[in-house]
Q: 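The structure follows.
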Amino acid sequence: MASPSSATNATLAGNAGEQLTLQKIDIEGRLVGLLFKVKARQHYQNQSDENIETVYTFPLAWGVSLLGMSVTIGDKHLHGVVVEKDLANRNYEKAIQDGDTPVMLEQSGDGLYTAHLGNLKQGEEAVIEIEYAQLLKFDQGNIRLAIPTTVAPRYGDPFATGGLTQPASVNTDAKARYSLSLHIALEGEVAKGTVTCPTHSVSMSASESGTSITLARGGMLDRDFVLNIDSLQAHSFATCLHDENGYTVLASFCPDFPVAEASPLALKILVDCSGSMEGDSMFQARQGLREVCKLVTPADQLSLSRFGSDIHHPVKTLSSCTPAFIQQTLMPAIEASDADMGGTELNKALLQTFRLKGAEESSRNADVLLITDGEVWDIEKTIQSAQQSRHRIFAVGVGSAPAESLLQHLAESTGGACELVTPNEDIVGAIVRMFRRMRAAVASEIAINWHGTPQWASPLPGALYPGETVHAFALFSAKPDQAPTLNWTGINPGQSAASALQTTNEAALARLCGARQIKTAATKAEAIELALRYQLVTEDTNLFMLVERSEEEKALGLPRLKQISHMPPAADLAFGSVHFSRSSILQPQRALGRAVFAQEFFSLEETPVYCRVPTPALTGSLTPSALMKLFDEVALKCLSLEEAAPQLAAANLDASISNLIAWIEEDTHSQHQAWTIFLWWLSIYLLDQIALSRHANRLLTAALKNIDADTKTYFVEWLVQSLPDAQAESWGAVKKDDTFTRHDKLTGNLFNI
């Protein structure tokens, strides 16, 4: 693998002139039928004068299964193994302490993964290669292939509600600049389609097996890469794999049934007008809403709501779509919509929209057409609200990096549908397809005749839409004697059948099936067993590998943490359109977008205003939980407790607590030892209420090694007696015991020191 050119990359820098550790990403993909397999190589280089640990949180597409990871450092090339998360974390920290180089990959949120690379020494380069697979779908004659590359700033708390844990980070740096190289091979029938790329300039050429696609110019990690493959003849097929676990069958059906003519709709439109929609996203939203005006009929009923930090209802009851209503009420409301409503309170907006009624609302609940970039962290609560509402949600995700996982979850869990539309894609076509789905005859009692008794079969979706693929898996002890058949009843009963049961030796099929099994596991233990059997990364398992170093090559001391920041998505903030090239960043003589690129190279270290969640003003001193959270944050920028202690000492603590720490400092003659003992006591005493991040624990563990056991035992026992009523949100009263003074020497060991 070619290493990055030091002459080219030595000048790359982020905020405060910090050199960028992630150099570039190379992606190679291969699409055969509907199976898309990808290898993504992340290139790192330590250009600093100290050992570092890199942490890179990145997005993957909906429905992806991670298949493997390898790392190359110098002449060493190793492959990772999936192990339980707790074991991976312990092994990772031990390797850091031992001076070796651990590599770990974990699922860090919905659709997000984090690669950790520890102890990369000065001047060293490393390449982490990640392999994954995904089943794509026919969608009314089209296949859409998408590779997300960046995470846009999101509204809310990524840790409290987004599932992330420190030191994972999705911070954005406007000066970050990462290059992308990409090659996609289309093989078989898909290579006969009409291929377009709305996001990048690409070169296409014929190959022996199909079509080869590469970026025509240098790409950047500032937008999703999308290929649309049109003019395809959708069909149903079934594939069978035989391995040591038996027979795995994948059935991919593409049912076709007529759309009910002009079925009256009860439609609640909810459009995102938060600050993150500014630019191309808001332009797309208005364009899509104008198309809605052309597609509705007088028999349809419609409401219109806009949301950001609050929600406004320009049309607050379901109203008949007469020509007068469209011209006098709906169109003016659409044209008045803008990205000026602050944060993205999506859950609150959905709840209020669900409650809207109309004089003649249909017997079934109304559908919701949601147009948004989906940039929020609070996913689970939103999905629960949608499921309980009994509304179908048809989500249209707009922008150059929409939050696909949230929108796909919303659609799938409610029986609706989801489409993503980048700025150069046709949102009109997406709206037309959504209306076809909403008007389609509802298929019910969906079932598959597997022509055999499966040991396990994946659940079927709650809705079928004509011309769209439904994937289903089943496991058998003996091979079925014919291809499975999909059957449904309803207004237009029918069936879809594959012509034959084809055999394959594609091992990824079994692992994709394993990923579906994990989702239906009855217990956590069962889910972990399946993940280990199929070697899959889940919320309970990580990929791990260890590059052992010889004694003379060991990394000395703790590494400096380098959290890889993301490039802002194209069209975000100062970038008004995806047509603005990031390559202009290094050419100040060119126009740099709105406000001359925000007064030239503005910093996004702080969360953008539209992503901040309002919090009440702090009153009083820090609680124990708030102090530990502060320690987590401070630890990310420090190499030791000695470096962190002055920042912690400046915190707003109650005077009685500060006095306790000062007394420890007086006896130990060390500020950082006093804070080490106090934080250690607190982490143990409130172990069931407060959990420190791995990085903070690392600093604490290293500092504790320099304090003798008698000192630790003495002060911990003293703190236990001084603060016996401490809880996560309260210190309780400080108690004094005349028989227990700072100068008593106690024996015994309350904790395993």
Side-chain angles (χ1 to χ4, degrees), residues 263-274 277 281-308 310-323 325-341 344-362 364-374 382 385-386 389-399 402 407 410-411 414 416-421 427-439:
S263 302
L265 298 178
L267 181 61
K268 300 175 181 179
I269 299 176
L270 181 60
V271 58
D272 189 347
C273 290
S274 64
M277 291 284 288
S281 297
M282 199 66 237
F283 176 83
Q284 286 181 283
R286 283 192 294 264
Q287 188 180 18
L289 291 174
R290 293 184 192 112
E291 185 63 22
V292 169
C293 295
K294 302 175 184 177
L295 296 172
V296 292
T297 71
D300 296 325
Q301 293 182 327
L302 179 148
S303 68
L304 176 64
S305 303
R306 301 192 292 247
F307 76 98
D310 298 308
I311 183 168
H312 299 158
H313 304 287
V315 183
K316 62 182 179 181
T317 60
L318 286 161
S319 305
S320 298
C321 297
T322 63
F325 166 78
I326 292 173
Q327 292 298 321
Q328 298 171 18
T329 303
L330 187 57
M331 285 297 295
I334 290 171
E335 299 307 322
S337 298
D338 207 350
D340 56 2
M341 295 184 65
T344 313
E345 290 284 356
L346 177 57
N347 187 55
K348 182 170 69 176
L350 280 170
L351 288 174
Q352 289 194 32
T353 301
F354 295 153
R355 297 189 192 108
L356 296 179
K357 300 293 181 182
E360 301 178 7
E361 187 171 358
S362 62
R364 68 172 174 82
N365 284 298
D367 294 324
V368 174
L369 176 62
L370 172 65
I371 303 178
T372 178
D373 56 14
T382 304
S385 299
S389 76
R390 297 179 59 219
H391 287 66
R392 296 188 302 176
I393 295 181
F394 294 85
V396 178
V398 294
L407 301 179
L410 280 174
T414 61
C418 174
E419 294 226 13
L420 303 181
V421 187
I427 193 171
V428 170
I431 296 294
V432 169
R433 289 189 293 273
M434 285 301 192
F435 267 75
R436 285 181 191 155
R437 296 180 181 106
M438 287 185 278
R439 295 193 191 279

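All of these numbers come straight from a predicted model, not from anything done at the bench. Nothing fancy with the numbering, it's 1 onward along the sequence.
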Q: Please lay out, stage by stage, how Gln287 and Ile431 fare under the test side-chain contact (heavy atoms from CB on, under 4.5 Å).
A: CA-CA 10 Å; Gln287 188 180 18; Ile431 296 294; over 6 Å; no
Q: Testing the basics here: between Leu295 and Phe435, what is the closest heavy-atom pair and its distance to 0.1 Å?
A: CD1-CD1, 3.7 Å
Q: Specify the closest pair of heavy atoms between Lys268 and Phe354, including all atoms of both residues, with the distance to one decimal.
A: NZ-O, 2.9 Å
Q: Can you tell me how far apart CG (Leu346) and CG (Leu351) are? Round to the nearest 0.5 Å.
A: 9.5 Å
Q: Other residues, nucleotides and ligands only: do more than 12 of their heavy atoms fall within 6.0 Å of CZ on Phe283?
A: no
Q: Gly397 and Pro402: which non-hydrogen atoms are nearest, and at how many Å?
A: C-CB, 4.2 Å
Q: Short question: side chain of Gln352, backbone of Ile311 - any donor-acceptor pair under 3.5 Å?
A: no
Q: Looking at every heavy atom in both Ile371 and Ala285, which two are closest together, and how far apart are they?
A: CG2-CB, 3.8 Å
Q: Please evaluate residues His312 and Met341 with respect to the criterion side-chain contact (heavy atoms from CB on, under 4.5 Å), reporting the C-alpha separation (whole Å), side-chain torsions for both, the decisive distance (0.1 Å), and the verdict.
A: CA-CA 10 Å; His312 299 158; Met341 295 184 65; 3.5 Å; yes
Q: Output the distance between atom SG (Cys293) and atom CD (Gln327), rounded to the nearest 0.5 Å.
A: 8.0 Å
Q: So how far is it from His391 NE2 to Ser385 OG, rounded to the nearest 0.5 Å?
A: 12.0 Å
Q: Considering non-hydrogen atoms only, spot the tightest contact between Arg439 and Val296 and give its length.
A: NH2-CA, 4.1 Å
Q: Quick one: closest heavy-atom pair of Leu330 and Leu302, and the distance?
A: CD1-CD2, 3.7 Å
Q: Using a 3.5 Å distance criterion without hydrogens, assess whether the side chain of Arg286 forms a donor-acceptor pair with backbone atoms of Ser337.
A: yes
Q: Could you check Asp272, Val396, Leu410 and say which one makes a side chain to side chain contact (heavy atoms under 4.5 Å, CB included) with Leu370?
A: Leu410
Q: Got a second to check how far Lys294's NZ is from Leu289's CG, nearest 0.5 Å?
A: 12.5 Å
Q: Would you mind reporting whether Phe325 and Val315 have side-chain heavy atoms less than 4.5 Å apart?
A: yes
Q: Less than 4.0 angstrom from a charged side-chain N to a carboxylate O is my criterion; do Asp340 and Arg306 meet it?
A: no
Q: Measure the spacing between CZ of Arg436 and CE of Met434 and express it to the nearest 0.5 Å.
A: 12.5 Å
Q: Can you measure from CD1 (Ile269) to CG (Asp367) and round to the nearest 0.5 angstrom?
A: 11.5 Å
Q: Any side-chain to backbone donor/acceptor pair from Gln284 onto Gly399? Under 3.5 Å, distance only.
A: yes
Q: Asp310 vs Lys348, test: side-chain contact (heavy atoms from CB on, under 4.5 Å). Steps then yes/no.
A: CA-CA 8 Å; Asp310 298 308; Lys348 182 170 69 176; 3.8 Å; yes
Q: I want to check something: taking the side chain as every heavy atom from C-beta on, are Ile326 and Met331 in contact at a cut-off of under 4.5 Å?
A: yes
Q: Check whether Thr317 reaches the backbone of Ser319 with its side chain - one donor and one acceptor, N or O, closer than 3.5 Å.
A: no
Q: Is any side-chain heavy atom of Glu291 less than 4.5 Å from a side-chain heavy atom of Val432?
A: yes
Q: Answer yes or no: is there a donor N or O on one side and an acceptor on the other, between the side chain of Thr414 and the main chain of Ile393, under 3.5 Å?
A: yes
Q: Within the 4.5 Å heavy-atom criterion, are Leu356 and Ser303 side-chain neighbours or not?
A: yes
Q: In this structure, are over 12 heavy atoms from other groups packed under 6.0 Å from Lys316 atom NZ?
A: no
Q: Less than 4.5 Å apart, side chain to side chain, heavy atoms only: is that true for Asp300 and Leu267?
A: no
